[in-house]
Asker: 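Could you have a look at this structure, given as structure tokens, before my questions?
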Amino acid sequence: MLIAIVLISSAIDYFCSAQIAKKNRAKLFLGIGISLNLFFLILVKINFWTTSFSDSTVGQLMVPIGISFYTLQSIGYLIDLYKNKIKPCQTFLEYYSYILFFPQLIAGPIERAGALIPQLKEVRFADFDKALHGLKLFSFGVYLKLVVSNRLAQPVQTISESHIFDLVFFLNGLVIFLFLYADFFAYTLMARGIASILNVDLQINFNRPFHRKNLIGFWQSWHISLTKWMTDYFYIPLMLKLGNKYVYKLIFTVLTMVLVGLWHGFALNFVIFAIIHGVLMQALPRLQAGLEKIRLRWLKVDGRLGLVFALCVTGNIFLSGSVTQFESFLSFDNFVFFSEMNWSHYQSLGFLVGVGSIFPLLYFEFVGASLIERSQNYRQEIFMIVAALCLTVFFYETGADHVYFRF
């Protein structure tokens, strides 16, 4: 199913791109290419998220893994070609290589044609330094997935589905984002590591998001290839066309975030999650400005306080697709300050061990991020590779798939 959809959509995209390059009714073929890509994506998303098909083994096998990622790559290619930002691929194989470059096919990063295609066309030989750096990225990705992400997967899911809304439940929202970060950052590091071994550079997809001072900064550093794609191809064109008024900023920010939510899946939880984040990104700075006017500058709602609040409130919403849970939440059923049941879940499911495994992640997030991203001398690189693999061997946990494989 994956190969069939990719072959059909890629053939159509290549044909449309050839007509666009020839200026043969370029706008028409741009519309056809974008529409058919979105049709395939929406068809799969609706089928997967709105029926029990997604729960079946057949459903899991037939849903094309990574369709959300290569759909945006295809649309971006057509738009950039239409705007004369890139040159067209000369052969179908060249275009197909861009769409199906295997390290980032399943879960990104969402690469731009102008950055990836020239690298794939160029004859590149093995580079020892880049290969060693790639092995380091891959090793840390394996560590984050098998040690950090896998240990947090079960407890955060259990608390999220508990329907007991207490302090632990809301703190679980923040831990969910740490879990998602470890899971997705891990895959990104592994994808970039494999590409680097092949002497191909992929873009950085996470840039210390928890180190940012507010919610906007968080999203500018989280899943960068997706948020930048939505900003460049949707948000900025609308703002340039209709103006820079605050009401337009609010509306288009919310719409952009809703698209980000629907990109993850056609489910109510993603829409609610997106609306909350979109509103808070524009509302918190205005609220902070109002507080400063009445001399309450010490209350930094547009800073890390606002960021932590947003993550605590929406983490459980993102992870769970249960409409019943949202209804209970809005009706204030089962609201308590502290639930021994939720806390016991954390203890019994090994949450404390998971927290312990987060510390290295937070260290690199706030202190030593450059140790991962920057190439060191070969002795340091080898030491870090061995350290990451040893930690993985001694503390790994099995049993959890990559969360973003479902998107």
Side-chain angles (χ1 to χ4, degrees), residues 65-66 68-69 101-111 132-157 174-198 200-211 218 221-227 264 311 315 318-319 350-351 353-374 381 384-407:
I65 297 176
S68 301
F69 294 88
F101 184 57
F102 76 93
Q104 46 84 232
L105 171 65
I106 297 177
I110 302 166
E111 288 294 326
L132 194 61
H133 181 64
L135 186 57
K136 180 182 68 174
L137 294 178
F138 185 85
S139 300
F140 272 94
V142 171
Y143 163 76
L144 288 179
K145 173 56 187 168
L146 295 183
V147 178
V148 182
S149 174
N150 282 6
R151 286 186 177 277
L152 292 176
Q154 189 178 2
V156 297
Q157 185 71 50
L174 178 60
V175 180
I176 285 173
F177 273 94
L178 290 172
F179 158 65
L180 293 172
Y181 181 45
D183 190 90
F184 196 17
F185 188 30
Y187 182 87
T188 300
L189 286 176
M190 286 188 278
R192 290 178 55 222
I194 294 173
S196 184
I197 292 172
L198 299 174
V200 174
D201 295 319
L202 298 181
Q203 64 178 300
I204 295 174
N205 212 18
F206 290 88
N207 186 19
R208 305 166 69 190
F210 293 97
H211 192 259
F218 175 86
S221 307
W222 176 284
H223 201 343
I224 297 170
S225 61
L226 173 63
T227 52
H264 286 87
L311 300 185
F318 183 90
L319 196 62
F351 170 73
V353 177
V355 168
S357 65
I358 288 176
F359 287 145
L361 173 64
L362 294 180
Y363 170 79
F364 288 112
E365 173 75 2
F366 290 96
V367 181
S370 61
L371 294 177
I372 295 179
E373 296 296 344
R374 190 178 64 228
E381 297 276 48
M384 295 181 71
I385 292 169
V386 172
L389 293 178
C390 287
L391 286 171
T392 303
V393 169
F394 285 109
F395 299 106
Y396 77 94
E397 184 75 22
T398 60
D401 295 331
H402 275 291
V403 175
Y404 271 74
F405 279 2
R406 71 182 68 170
F407 305 135

Asker: Set out, in order, the CA-CA distance, both residues' side-chain angles and the distance that settles side chain to side chain contact (heavy atoms under 4.5 Å, CB included) for Leu226 and His264, then state yes or no.
Answerer: CA-CA 11 Å; Leu226 173 63; His264 286 87; 4.1 Å; yes
Asker: Assess whether side chain to side chain contact (heavy atoms under 4.5 Å, CB included) is satisfied between Ser149 and Phe179, documenting all intermediate values.
Answerer: CA-CA 5 Å; Ser149 174; Phe179 158 65; 3.4 Å; yes
Asker: Using the side chain to side chain donor-acceptor pair (under 3.5 Å) criterion, which residues pair with Ser225? Sequence neighbours excluded.
Answerer: Asn205
Asker: If you look at every heavy atom in Leu202 and Arg192, which pair is closest and at what distance?
Answerer: O-NE, 3.6 Å
Asker: Check the angle between the aromatic planes of Phe177 and Phe218 and answer parallel, tilted or perpendicular using the 30° and 60° thresholds.
Answerer: perpendicular
Asker: Quick one: pull up CG in Leu178 and CG in Leu311 and give me the separation to the nearest 0.5 Å.
Answerer: 8.5 Å
Asker: Could you tell me the separation between the CG atom of Asp183 and the CD1 atom of Ile176, rounded to the nearest 0.5 Å?
Answerer: 12.5 Å
Asker: Which atom pair, heavy atoms only, marks the closest approach of Ile110 to Gln203?
Answerer: O-NE2, 2.9 Å
Asker: Got a donor-acceptor contact below 3.5 angstrom from the Thr188 side chain to the Phe184 backbone?
Answerer: yes
Asker: Taking all heavy atoms of Ser196 and all of His133, pick out the closest pair and write down the distance.
Answerer: OG-CD2, 4.3 Å
Asker: Aromatic rings Phe140 and Tyr143: how do their planes relate, parallel, tilted or perpendicular, breaks at 30° and 60°?
Answerer: perpendicular
Asker: How far apart are the closest heavy atoms of Ala186 and Leu144, and which atoms are they?
Answerer: CB-CB, 3.7 Å
Asker: Output, in order, the C-alpha distance, side-chain angles, deciding distance and verdict of side chain to side chain contact (heavy atoms under 4.5 Å, CB included) for Val148 and Tyr181.
Answerer: CA-CA 10 Å; Val148 182; Tyr181 181 45; over 6 Å; no
Asker: Find out whether Leu189 and Phe185 are in side-chain contact, i.e. whether some heavy atom of one side chain is under 4.5 Å from a heavy atom of the other.
Answerer: yes
Asker: Looking only at heavy atoms, what is the nearest atom pair of Met190 and Val142, with distance?
Answerer: SD-CG2, 3.7 Å
Asker: Is Gln104 reaching over with its side chain to a backbone N or O of Pro109, donor-acceptor style, under 3.5 angstrom?
Answerer: yes
Asker: When you look at Trp222 and Thr227, which way does the side chain to side chain contact (heavy atoms under 4.5 Å, CB included) test go after all the steps?
Answerer: CA-CA 8 Å; Trp222 176 284; Thr227 52; 5.8 Å; no
